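Below is one structure, written out as structure tokens; the observations come after it.
Since the model is a prediction, treat every value here as computed from it, not as a measurement. Reminder, nothing fancy here: chain letters follow the sequence lines and each chain counts from 1.
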Protein chains: 2
Amino acid sequence: MRAKVHVFLKPGVLDVQGKAVEAALHGLGWGHVEGVRVGKTIEFDLKGKDAAETESEVKDMCEKLLANTVIESYRVEVA
Amino acid sequence: MRAKVHVFLKPGVLDVQGKAVEAALHGLGWGHVEGVRVGKTIEFDLKGKDAAETESEVKDMCEKLLANTVIESYRVEVA
């Protein structure tokens, strides 16, 4: 099965990378861009029987390694 | 309109961050995980009239700033 994990900073946590991208876009003439947030996407294959079981396993990976749950939230897609 | 840009290393380009995540997952007992790729997701709001026009504008941003098209590919979603 193929898993996709999207990791984003929680709302309210200052996203410095997003701010930098926003400033750069403004500088290039796209002044109407706002609210830029930069996140991570982690994709991988894993052996699993059913989607529900695999999803709970991937969530476990997020809690332990892939996301810093103090400041980041995550979303898991299994297909 | 809300735009989402997914940026990934092209196939064949060594993804060191992905390799590091894979090794860490193996070390934590998830040895059946393989093919880990780590990418970026950039989300932002922008003023635009129709989806097609906005999408072509966002692709322009990718070419100029958001992706290094020598080694990275991107996918744009506008909603």
What residue in [options] has the most heavy-atom pairs under 4.5 Å with chain B?
options: A:Val33, A:Val21, A:Asp60; result: A:Val33
options: A:Glu34, A:His6, A:Lys64, A:Lys40; result: A:Glu34
options: A:Glu57, A:Gln17, A:Arg2; result: A:Glu57

Q. B:Ala3 and B:Val58: which non-hydrogen atoms are nearest, and at how many Å?
A. CB-CG2, 3.9 Å

Q: Indicate yes or no: does A:Lys59 engage A:Glu63 in a salt bridge with an N to O separation below 4.0 Å.
A: no

Donor-acceptor pair, [X] side chain versus [Y] backbone, under 3.5 Å?
X: B:Lys10; Y: B:Thr69; value: yes
X: B:Glu22; Y: B:Val36; value: yes
X: A:Glu72; Y: A:Ala67; value: no

Q.
Please classify the contact between A:Leu28 and chain B as side chain, backbone, both or neither, with a heavy-atom cut-off of under 4.5 Å.
A. side chain

**Q.** Selection from B:Leu66, B:Val7, B:Leu46 maximising heavy-atom pairs under 4.5 Å formed with chain A
**A.** B:Leu46

